[in-house]
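One-based numbering, in listed order, for ligands and for the atoms of each. Computed from a predicted model, the values in this text were never measured in an experiment.
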Amino acid sequence: MATSEELHKRRVGAVARGVGSTIAAYVDRAGGGTITDVDGREWIDFAAGIAVTTVGNSAPRVVEAVRAQVERFTHTCFMVAPYESYVAVCEQLNALTPGGFEKRSALFNSGAEAVENAVKIARHATGRPAVVVFDHAYHGRTNLTMALTAKNMPYKHRFGPFAGEVYRVPMSYPLRDGGLDGATAAARSIEMIEKQVGAENVAALLIEPIQGEGGFVVPAEGFLPALREWATAAGVVFVADEIQTGFCRTGDWFACAHEGVEPDLVTLAKGIAGGLPLAAVTGRAELMDAVHVGGLGGTYGGNPIACAAALAAMETMRELDLAAAARRIGAVMGARLRAIADRDPRVAEVRGRGAMLAVEIVVPGTLTPDPAATAAISAACHAAGLLTLTCGTYGNVLRFLPPLVISDDELARGLDILDAAFG
Ligand SMILES: Cc1ncc(COP(=O)(O)O)c(C=O)c1O
């Protein structure tokens, strides 16, 4: 087998430079809470393929379901010749997502595609053009979703012009907005929408209940409910982007549930199918069904192999109670991170929920972001056998997203490496 070094050389000559990788090691196998490269080096996995392998890599039920489906048929296109697993995934999403109302779902391939379709549905149902998004938001890399995403480098730089009718308002970011309470932060955003856009022009308000790429920003309590209430009164479709927060990651099936918020539409992807590409929009039947027949779809959306994997992944989440596992991981990891923060003045904040935790790194005694120190700590983790990711508008957030099936021993070893990387 080729070594990681050999594969990296081949990659440079074959793969476009614009596609980056966190580590230069090439994977041979992965499972539970570890990844092993072709040279036999092992990393404890605190990334889960960016919050995807919630049920672990090659989870037994997923493997079995995929194998069985591949042998039956690989693709017919649901828009041509439908099949049961697509319907079953939609039934489960309708039942699992917050809100006791009648729902419908549609399946797609990627998170960005789900977000694009949520915007299409909201515009179609309301007849309004505008979409409101937030500072630090991340919603994808396609043309519309680049416009919805906040950060220029690397996601948007020189890729414009971007789609129109997208308006950005302030997020509740307690560390950086002077600790505004949720209601006050929401009032600030709502005033901006009403004055600068006009509520009657807004089709959708799109928000991550906890921001992902933007820095694991957890809004102050009350922020999401206040926006939800305003959207209802203004006839605006409230869209929760649960692509990173969904499927047990934050200790509940969906992060909106923590404050009892019921979105009109939810976008879903990542953890949904144990690593196979699948995404969804789930929401109020009257909005979803407003769209004419043929208005939604795509060749591969709801591919039968991905649907089989999703049914198996959701079954695994129930069977192993992975929401409880996320809460347990969060308790263990949170305690270790707070201990690091107590001794290291570079840690301005430990935040997140369940198994979606992060630390924000600053120049001690200030709120000045320190992306260089963040990168150095992350690199030290990689060198010592722990796969970590960074994020944040300022590149100064270390985030932790272990698979929810990580063992206690793997978690403890990973946290020891992290602890040592802080020095
Ligand atoms: C909140 C959120 N929305 C949308 C996306 C885009 O998903 P995808 O990369 O599958 O297009 C992501 C991916 O990181 C995300 O975290």
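Between F223 and F134, the ring planes lie perpendicular to each other; the angle is over 60°, past the 30° to 60° tilted range. Relative orientation of the H124 and H292 rings is tilted, given thresholds of 30° and 60° on the angle between their planes.
A cation-pi arrangement is present between R284 and F101, with the terminal nitrogen or guanidinium carbon under 6.0 Å from the aromatic centre and inside a 45° cone about the axis.
Considering backbone and side-chain atoms alike, V115 places every N or O at 3.5 Å or more from each N or O of ligand 1. Looking at G111 next to ligand 1, an N or O pair under 3.5 Å apart turns up. Residue E208 has no N or O atom closer than 3.5 Å to an N or O atom of ligand 1.
Residue contact annotation: I50 has no non-hydrogen atom under 4.0 Å from ligand 1.
Under the 4.0 angstrom criterion, atom 9 (O) of ligand 1 counts as lacking any protein heavy-atom contact.
For the side chain to side chain contact (heavy atoms under 4.5 Å, CB included) test with Y167, the passing option among V131, V197, I193 is V197; the others fail. Just one of H258, R353, R327 meets the side-chain hydrogen bond (donor to acceptor under 3.5 Å, both in side chains) condition when paired with T250; it is H258.
The atoms of ligand 1 that sit less than 4.0 Å from any heavy atom of Q244 are 14 (O), 16 (O). Against a heavy-atom cut-off of under 4.0 Å, S110 is close to the following atoms of ligand 1: 10 (O), 11 (O). Those atoms of ligand 1 with a heavy atom of D241 less than 4.0 angstrom away are 1 (C), 2 (C), 3 (N), 4 (C).
Contact annotation: for Q211 versus ligand 1, there are no heavy atoms closer than 4.0 Å. For E113, no heavy-atom contact with ligand 1 is shorter than 4.0 Å.
Between atom 6 (C) of ligand 1 and the options C391, P209, G212, A112, the minimum heavy-atom separation is to A112.
Between E116 and T142, the shortest heavy-atom distance links the atoms OE2-OG1, 2.6 Å.
Checked against a 6.0 Å centroid threshold, the rings of F247 and F254 count as neighbours. Ring-centre distance between Y83 and F73: below the 6.0 Å cut-off.
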